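As the structure is a computational prediction, the values presented were derived from the model and not from experiment. Here is the naming used below: chain letters follow the sequence lines, and residue numbers restart at 1 for every chain.
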Amino acid sequence: MKSILALIRLELQMELRRKYALGGALLYVLSTVFVIYSSLQDAKELPWNALFWLVALFIAVNAVAKSFAIEQDGTQLYLYQLASGIHIIMAKIIYNVLLVMLLLSLSTVAFLLFLAIPILHMGLFFCTIALGSLSLGIVLSFISAIANKTDSSAVFTAILGFPVLLPILLSLIKLTEASFSEEMLPVSHDIIILLAIDTILLGLILILFPIVWKD
Amino acid sequence: MKRNWWKYLGAALVLYAIIVGISRPLNPGILQIDPIALEAGQTYDLNIATYNTNFTNGSDVDAFIKINDTFGIQSQSVVILEHNELKASFVIPEKLPSILQRERYSIILSADGLGTFIRPSALSIVQKEIDLNGAIAAWPSNDFGKFKRADRAQFPFRAILYESLRNLFYHVPMWFGMTFLLLGSLVSSVLYLKDNNIERDMMASSMIKVAVLYGILGCATGAIWARGTWGTWWTFQEIKLNVSAATLLLYFAYFLLRAAIDDEILKAKISSVYSIIGFVAAVFLLFVLPRMVGDSLHPGNGGNPGFGGEDLDSTLRTVFYPAVIGWTLLGFWLAQLSYRSEILQDYFLEKFD
């Protein structure tokens with residue numbers, strides 16, 4: 001447990017020092033919101049669901065992909081050889097989940113402020129963001145670990161990640177659709193499915209990551 | 001022969017499924033009835049157009065209108081017009097044993113050699129006053145004897161599907177085969193990660209290769225069927241089509257991943273790990289999501305006539321189960337051939353390099 005916390009603190013320090021991921025992601029949030037604002041001025045009924053999740057996916061994939069790209073540094077490799085594989089991936093997952101949650105909340109705020117997104121059930125929406133960042137964080141962390149072994153890791157994170165994310169995305173989209181609608185739609189089924197798939201994938205990842213890491 | 005018996009069995013079963021699946025005729029069916037809106041207390045000459053029948057002037061055909069499980073009306077006379085058209089005259093009693101004023105009733109035809117066939121809820125009959133007891137008391141004879149049986153094996157006649165239900169033997173086994181092949185590749189990948197035998201990884205990749213082939217063929221057979229039944233080659237409204245496409249995307253990404261890594265051992269490890277994660281996602285996509293969504297255009301879901309449970313006719317089962325087994329065995333044979341050719345390629349590359 002201590003080593004996991006130490007590793008998380010390490011990630012945070014690296015991030016604060018270079019500000020690659022956070023700065024880049026903030027830029028993505030603001031630029032996508034700006035593009036949407038300026039190009040869809042006249043449209044009355046915007047497809048909020050689609051817009052939000054497109055932006056969210058874009059930001060999440062780029063943010064998480066960057067966190068693994070810093071591996072090439074020699075000092076990092078030494079530190080990582082001291083810690084066990086499971087601790088490393090747990091630390092990365094926790095860090096990425098929190099990062100994605102921060103970014104998704106920021107993009108929600110941007111959508112609310114600049115685009116007046118009509119969210120009717122705030123509680124459900126934030127619950128969805130929390131679940132979504134959990135799922136996106138878990139899956140994308142592992143996929144970037146795999147994709148990092150190829151030459152063009154950013155491309156592969158997207159290629160490999162998207163089909164695995166698809167069932168998760170479908171449930172998330174249903175949940176946000178429910179938070180836009182006026183009536184109380186039954187969503188417990190989707191939430192359970194999301195939690196189930198997260199648990200299964202997390203378990204598998206904890207088993208499989210040390211194998212990937214041995215190289 | 002001892003080691004390869006399953007290959008011959010697979011080939012034989014597929015051949016059987018193809019031949020019998022295409023050649024066995026459909027049950028006769030009722031296509032059109034004219035008129036279909038009747039009134040109680042009148043006499044009608046119903047012109048009935050049928051499908052897959054071979055009536056001649058001397059054919060013994062009976063026609064019935066089924067009111068409910070206890071009561072029915074037999075036709076007064078049946079005149080054969082063409083090999084697939086006849087005229088049946090009915091006398092509808094004043095009062096019907098029904099509590100509704102207007103209701104839809106089924107029509108049944110029973111012919112020698114062809115068997116008995118029904119069109120459910122085909123006729124709508126209106127009665128002026130509702131008198132259940134009076135109707136039951138005044139009902140003419142209800143004893144129709146036995147319905148005639150068909151003297152040949154035939155597939156059920158289903159509305160909307162008609163002849164296209166033969167697709168059941170080619171389209172559905174593709175997906176069964178793909179699932180079994182993906183299961184096999186999962187086992188192979190896990191075994192590779194356990195004992196690092198590169199041949200297991202080759203087997204896994206061969207199985208996924210054939211699984212993707214089966215998936216593409218499944219989509220193709222589905223598209224041909226859909227063109228006939230739904231009127232379009234593809235639609236994005238149907239969940240099963242979307243998740244099949246997503247699963248194929250997932251395994252295309254698997255091959256991209258293999259192509260991007262040069263070192264053989266790293267390639268094997270990374271692709272095995274991805275295929276395990278991908279399998280979980282594929283299971284969710286193919287089996288969990290369609291059941292969650294529920295509404296589907298495929299037969300058997302959302303009010304369409306289907307094949308599952310009590311719908312799957314025994315005559316269909318006699319071809320469907322062998323087809324599934326046969327196509328699956330054929331798939332594993334293909335995977336084994338691909339695996340063997342890969343091993344040979346590696347062997348010759350090493351020898352002559």
If you measure from [atom1] on [X] to [atom2] on [Y], what distance do you get to the nearest 0.5 Å?
X        : Y        : atom1 : atom2 : answer
A:Lys149 : B:Leu266 : NZ    : CG    : 6.5 Å
B:Phe284 : A:Leu194 : CZ    : CG    : 9.0 Å
B:Ile277 : A:Leu201 : CD1   : CG    : 5.5 Å

If you count the non-hydrogen atoms of other residues, nucleotides and ligands that lie under 6.0 Å from CG in B:Leu183, is the total more than 12?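 More than 12 within 6.0 Å, yes.
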
Taking everything shown except A:Tyr37 itself, do over 12 heavy atoms lie less than 6.0 Å from its OH?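 Count not over threshold, so no.
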
Hey, which of A:Ile200, A:Asp151, A:Ile197, A:Thr150 has the most heavy atom pairs under 4.5 Å with chain B?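 Among A:Ile200, A:Asp151, A:Ile197, A:Thr150, the one with the most close pairs to chain B is A:Ile197.
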
Go through the atoms of [X] and report whether side chain, backbone, both or neither lie under 4.5 Å from a heavy atom of chain A.
X        : result
B:Leu257 : both
B:Val273 : both
B:Leu249 : both

Validation row: A:Val212, B:Lys269 side chains within 4.5 angstrom (heavy atoms):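 Heavy-atom side-chain distance check fails, nothing below 4.5 Å.
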
I would like to know whether A:Leu166 and B:Thr247 meet side-chain contact (heavy atoms from CB on, under 4.5 Å); could you show each step before the answer? CA-CA 9 Å; A:Leu166 203 69; B:Thr247 311; over 6 Å; no

Among residues at least two apart in sequence or on other chains, which ones pass salt bridge (Lys or Arg N to Asp or Glu O under 4.0 Å) with A:Asp190?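 A:Asp190 satisfies salt bridge (Lys or Arg N to Asp or Glu O under 4.0 Å) with A:Lys174 only.
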
At under 4.5 Å between heavy atoms, what parts of residues 200-210 of chain B are in contact with chain A? List them by residue number.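 Within residues 200-210 of chain B, near chain A: nothing under 4.5 Å.
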
For chain B, which residues of residues 119-138 of chain A have heavy atoms nearer than 4.5 angstrom: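 When heavy atoms of chain B are the reference, residues 119-138 of chain A contributes no residue within the under-4.5 Å range.
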
Contacts under 3.5 angstrom, residues 156-163 of chain A side chains, donor-acceptor by atom type, not counting sequence neighbours:
| from | atom 1 | to | atom 2 | distance (Å) |
| --- | --- | --- | --- | --- |
| A:Thr157 | OG1 | A:Ser153 | O | 2.7 |

